[in-house]
Amino acid sequence: MGISILKSKISLKKRIATAEEFRQCKNQKFNSCEESDLLVVKDLSIYYGCCGVIQNLSFSIKSGGIVSIVGNNGSGKSTFLKTLAGIHEHFCGKFSWNFSCGKNEVIGYLPQHAEVNRYLSIQVQDVVGMGVGAKKKKCAVDRALACLGLTNEASRYIGTLSGGQFQRMLFARLLAMDLDIFLLDEPFISMDETSQNILIEQLFVQSKNGKTFFLAHHQDSAISPYCKHILKLFPGTYCWSST
Ligand SMILES: Nc1ncnc2c1ncn2[C@@H]1O[C@H](COP(=O)(O)OP(=O)(O)OP(=O)(O)O)[C@@H](O)[C@H]1O
């Protein structure tokens, strides 16, 4: 079992969204690949051993936008993201990514507890540039750092960052890779309001430009008004809604 790929010839229609747009408008139409679904989930049940975590989940989405995944502790948010990432393979039913709806087939995954040794003598800019080819590196890293408000932190050693700055650095690393699909597991952990707002603004702007984010978080998060779809997980069931 694993991730299957649907073929399609549809291309993304891109437009540039701005931070100003984020502030002024949260109900505008989202940019999307209009004729084909980016992800189809059908009768998906996910297990640890014989213990079911998620049962008979079905939905489909087009590209572009933020999918909010909420639920109590232990409801299966992380497990669902791990399954979509191809890390957890104990499931039945199916899900299919239509990668040709976007331009990059690599999925960015930010786990809830990233296993990064903070005591390595490595600078922020080096971490952010890790997944980028040499030619594009400087430009991509500078842009990602600026997006996350980390330009002044570029040459700091990662062990000196605060928890919130560290989280933003990990997201900047994914942004620098110019991916189209992101799975973010509680990215607001350790973030104060300022850091959260920087990240929320980026998620919104990037989603309006055709990127798709799956975001596990707590229900009262400030990101909620900017989400295109909401998946609420309950024991043995779920609720899917779209704005
Ligand atoms: N490796 C594992 N082996 C067995 N059971 C697990 C494993 N990881 C998680 N679980 C169980 O699966 C269920 C879902 O866990 P998961 O971490 O996906 O929930 P969550 O919604 O992300 O929780 P939280 O909000 O606390 O992060 C929980 O009952 C948990 O105990």
Test log, rule side chain to side chain contact (heavy atoms under 4.5 Å, CB included), inputs Val128 and Met169: CA-CA 7 Å; Val128 173; Met169 175 192 73; 3.9 Å; yes
Side-chain touch Val53/His88, heavy atoms, less than 4.5 angstrom: no
Spacing of Asn98 atom CG and Ser60 atom OG [to the nearest 0.5 Å]: 11.5 Å
Can you tell me if OH on Tyr157 sees more than 12 non-hydrogen neighbours from other groups inside 6.0 Å? no
Any side-chain heavy-atom pair of Ser242 and Lys228 under 4.5 Å: no
Please list, one pair per line, the donor and acceptor atoms closer than 3.5 Å that link side chains of residues 131-148 to other protein atoms, with sequence neighbours excluded.
unit_1	atom_1	unit_2	atom_2	d
Lys137	NZ	Gly129	O	3.0
Lys138	NZ	Asp142	OD2	2.5

Salt bridge or not for Lys211 and Asp178, using N-O below 4.0 Å? yes
Salt bridge (charged side-chain N to carboxylate O under 4.0 Å, His left out) contacts touching residues 144-155 (sequence neighbours left out): Glu153-Arg156
Any side-chain heavy atom of Tyr238 within less than 4.5 Å of one from Asn56? no
Under 4.5 Å between side-chain heavy atoms, hopping through other hydrophobics if needed: is there a path connecting Val70 to Ile54? no
For Glu89 against Gly86, the heavy-atom pair lying closest together: CG-O, 3.9 Å
Spatial distance of atom NE2 (His90) from atom OG (Ser45) [nearest 0.5 Å]: 10.5 Å
Do Phe182 and Thr212 have side-chain heavy atoms sitting under 4.5 Å apart? no
I'd like to know if the side chain of Gln55 reaches the main chain of Gly236, judged simply by a donor and an acceptor atom lying under 3.5 Å from each other, with no hydrogens or angles considered. no
Spell out, yes or no, whether Phe171 and Val106 are grouped together once hydrophobic residues are joined by side-chain heavy atoms under 4.5 Å, including indirect joins. yes
Determine which pairs satisfy salt bridge (charged side-chain N to carboxylate O under 4.0 Å, His left out) with at least one residue from residues 185-200, sequence neighbours left out, and list them in order. none
Hydrophobic cluster identity match, Ile198 and Val124, side-chain contacts under 4.5 Å: yes
What's the separation between atom OH in Tyr109 and atom CZ in Phe214, rounded to the nearest 0.5 Å? 14.0 Å
How far apart are the C-alpha atoms of Leu231 and Leu57, what are their side-chain angles, what is the distance that settles it, and do they pass the side chain to side chain contact (heavy atoms under 4.5 Å, CB included) test? CA-CA 10 Å; Leu231 172 63; Leu57 179 61; 3.7 Å; yes
Roughly how far, to the nearest 0.5 Å, is CG of Leu174 from CG of Leu110? 5.5 Å
Rounded distance (nearest 0.5 Å) linking atom CD of Gln196 with atom CD1 of Ile189: 11.0 Å
Sub-4.5 Å side-chain heavy-atom contact between Leu183 and Ile107: yes
Which heavy-atom pair separates Gly71 from Lys77 by the least distance, and what is that distance? O-NZ, 2.9 Å
Answer yes or no: is there a side-chain heavy-atom contact under 4.5 Å between Ser224 and His217? yes
Start with the C-alpha gap between Cys92 and Tyr47, add the side-chain angles, then the distance that decides, and say whether side chain to side chain contact (heavy atoms under 4.5 Å, CB included) holds. CA-CA 9 Å; Cys92 58; Tyr47 302 88; 3.7 Å; yes
Would a 4.5 Å heavy-atom cut-off, applied to side chains only, mark Leu38 and Asp180 as touching? no
I'd like to check Tyr226 versus Leu203 (side-chain heavy atoms, cut-off strictly below 4.5 Å). Are they in contact? no
Hey, what do you get for CD1 (Ile223) to CD (Glu201), rounding to the nearest 0.5 Å? 11.0 Å
